[in-house]
Visitor: 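Here you go, one structure.
The first residue of the sequence shown is numbered 1, and numbering continues consecutively from there. The basis for the numbers below is simple: all heavy atoms, side chains too, and nothing from hydrogens, waters or symmetry mates.
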Amino acid sequence: MAIRCKSDYLKNFVSDADIKAYIPALEKAHKDLVEKTGAGNDFLGWYDLPENYDKQEFARIKKAADKIKSDSDIFIAIGIGGSYLGARAAIEFIKSPYYNNMKKDTPDIYFAGNTISSSSLAELLEICEGKDISVNVISKSGTTTEPGVAFRVFRELLEKKYGKEEAAKRIYITTDKARGNLKKFADANGCETFVIPDDVGGRYSVLTACGLLPIAVAGIDIDAIMEGAQTAARELKVCDIEKNDAYKYALLRNVLLNKGKVMEIMACYEPAFQYMNEWWKQLYGESEGKDGKGIFPCSVIYSTDLHSLGQIVQEGQRNIFETVVDIKKSNHTVIIPNDAENIDGMNFLSGKELTFVNQNAYMGTLFAHLDGDVPNIILELDSRSEKDYGYMVYFFELACAISGYILGVNPFNQPGVEAYKKNMFALLGKPGDENAARKAELEKLMKSF
């Protein structure tokens, strides 16, 4: 397996009896998933996606990516949540967090529509000045505020720069197959469209066109990504924690939650993992945080965050556990030089690889946190390759679904996400009697504070 879940460092926190007690819940969760009898079973399209994805659309994604690479200096991916986090995670994980600044023959890639900040959007528009641009707007409904506003702005920019007809050739729309405002716009203007499957929720959609088009534009081999996901889907079918490390991870999370560990910190010692952390946080937070339940997902990049959060992890409330992603193979080798004057007193490291120092920082931190009564789950990952990325995405999606079922929630809905939207639309004056009434309630409430 490309990912191996190691429980060696849980011996003082989790007993064999604890694990055995959760096996019946795991077996039920597995049955609910594979037989499609669990809550939210109409959103299980991701489960067989690595084998059953649309091969014709996949070919169109690669063709569109080649066109964008040939005619664009900048590619703007417009979306929020699951519509952008997975793609950004892939680009930074496989390529580099410095992707836009590196020498390459692919466009710079920026992400918009994930904030309502005027400064952020205005600064991105400045970056686009004098550049050839293509845009991919990703939204199932086409009415989500953040990407909707950003698309308006970039559509205006493209139409002023290229004219309406040519602008349409630079707009790629990923949306519902047959309905919605973006589908209507695409059909009316002749924009190329890609499909968000009806049975795949946003946070599970990175292996669809939502993620694959921006990833392909970055010059990443999406065939290899799907091959990695296929391997995971084949290897992770059995309901046996000795043979299925995704199930093992899901079970251990719930055991630790039952012991009062209500916060999970996802940690990695590679900055390239930062947006994988962000993708993981949405996947688990949105899937499990409901009905008064859930493990709060947090993330850190060590050793950086040891200098800001290390203290509270070491000696704060004992309601946390860490899941550490240990990437076994580094993309690069850096040798620490010798300093004749030994100004910093670190000549004992001369000639050693920086990876050696990083690995020992990991081990030193691990044992310090264990001494501080912080349980640690270790996920060993082979490398930062396309295949490993695809495997990892499927691993986390599967573990999330199983973990949610063990917890007793629907891992595929997100009713609470709509609460802020209703209030925001009401305050913005969106037409409708219900919005008007809610606005009056909110204005009265604001005056009471």
Visitor: Looking at D187 and K183, does any basic side-chain N land under 4.0 Å from a carboxylate oxygen?
Guide: yes
Visitor: Would you call the rings of Y302 and H369 parallel, tilted or perpendicular, where under 30° means parallel and over 60° means perpendicular?
Guide: perpendicular
Visitor: Looking at E165, is its backbone amide N or carbonyl O close enough to the side chain of K169 to form a donor-acceptor pair, meaning the two atoms are under 3.5 Å apart?
Guide: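 Checked: no pair found.
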Visitor: If the plane angle is over 60° it's perpendicular, under 30° parallel, otherwise tilted; pick one for Y53 and F58.
Guide: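 Because their plane-to-plane angle lies in the 30° to 60° range, the rings of Y53 and F58 count as tilted.
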Visitor: Quick one: CD1 on I225 to CE on M392, what's the gap to the nearest 0.5 Å?
Guide: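 One finds 10.0 Å between CD1 of I225 and CE of M392.
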Visitor: Is the count of non-hydrogen atoms from other residues, nucleotides or ligands lying under 6.0 Å from K328 atom NZ greater than 12?
Guide: yes
Visitor: How are the rings of F412 and W46 set to each other: parallel, tilted or perpendicular (split at 30° and 60°)?
Guide: tilted
Visitor: Does the cation-pi check pass for K20 over Y22, that is, NZ or CZ under 6.0 Å from the six-membered ring centre and within 45° of its axis?
Guide: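 Output no; distance or angle outside limits.
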Visitor: Which is it for D221 and K387 under the salt bridge (charged side-chain N to carboxylate O under 4.0 Å, His left out) test, yes or no, and what are the steps along the way?
Guide: CA-CA 9 Å; D221 184 352; K387 289 181 182 178; over 6 Å; no
Visitor: Checking R4 side chain against M1 main chain: does a donor-acceptor pair fall under 3.5 Å?
Guide: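 Side chain of R4 to backbone of M1: a pair is present.
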Visitor: To the nearest 0.5 angstrom, please state how far the CG atom of D223 sits from the NZ atom of K62.
Guide: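 It comes to 3.5 Å.
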Visitor: Are K237 and Y47 in a cation-pi setup, meaning NZ or CZ lies under 6.0 angstrom from the ring centre and within 45 degrees of the ring axis?
Guide: yes
Visitor: R88 and side chain to side chain contact (heavy atoms under 4.5 Å, CB included): which partner among Y110, Y275, F93, W279?
Guide: Y275
Visitor: Could you go step by step and tell me if R253 and E288 meet the salt bridge (charged side-chain N to carboxylate O under 4.0 Å, His left out) rule?
Guide: CA-CA 12 Å; R253 298 177 75 251; E288 293 188 323; 3.0 Å; yes
Visitor: Could you verify whether a donor N or O on one side chain and an acceptor N or O on the other, from S72 and D132, lie under 3.5 Å apart?
Guide: no
Visitor: Give, for atom CD of E227 and atom CD of E386, the distance between the pair rounded to the nearest 0.5 Å.
Guide: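 Separation between the atoms: 10.5 Å.
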Visitor: As a test of understanding, state which of L366, V325, L10, D8 forms a side chain to side chain contact (heavy atoms under 4.5 Å, CB included) with I378.
Guide: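 Single pass found, and it is L366.
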Visitor: I'd like to know if K67 pairs up with E192 as an ion pair, taking the criterion as any Lys NZ or Arg NE/NH1/NH2 lying under 4.0 Å from an Asp or Glu carboxylate oxygen.
Guide: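 Salt bridge absent between K67 and E192.
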Visitor: Without hydrogens or angle criteria, can the side chains of E264 and Y284 be said to hold a donor-acceptor pair below 3.5 Å?
Guide: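 No donor-acceptor contact under 3.5 Å links the two side chains.
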Visitor: Main chain of G38, side chain of N41: is a donor-acceptor contact present, judged purely on distance under 3.5 Å?
Guide: yes
Visitor: In terms of relative ring orientation, are F396 and Y249 parallel, tilted or perpendicular, with 30° and 60° separating the classes?
Guide: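 Answer is perpendicular, since the angle exceeds 60°.
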Visitor: When you measure from the side chain of D305 to the backbone of I301, do you find a donor-acceptor pair of N or O atoms at a distance under 3.5 Å?
Guide: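 Yes, because the side chain of D305 sits within donor-acceptor range (under 3.5 Å) of the backbone of I301.
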Visitor: When you measure from the centre of the six-membered ring of F151, is the NZ or CZ of R155 under 6.0 Å away and within 45° of the axis?
Guide: yes
Visitor: Quick check on K104: does its NZ atom have over 12 non-hydrogen neighbours (other residues, nucleotides or ligands) under 6.0 Å away?
Guide: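 Yes - once you tally the heavy atoms of other residues, nucleotides and ligands closer than 6.0 Å, there are more than 12.
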Visitor: Decide side-chain contact (heavy atoms from CB on, under 4.5 Å) for T106 and Y99; before the verdict, give the C-alpha distance in whole Å, the side-chain angles of both, and the deciding distance to 0.1 Å.
Guide: CA-CA 10 Å; T106 52; Y99 167 82; 2.8 Å; yes
Visitor: Please report the interatomic distance CD1(I173) to CD1(I78), rounded to the nearest 0.5 Å.
Guide: 10.0 Å
Visitor: Checking side-chain polar atoms at under 3.5 Å, does S141 have a donor or acceptor matched by the opposite partner on T143?
Guide: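 Side chains of S141 and T143: pair found under 3.5 Å.
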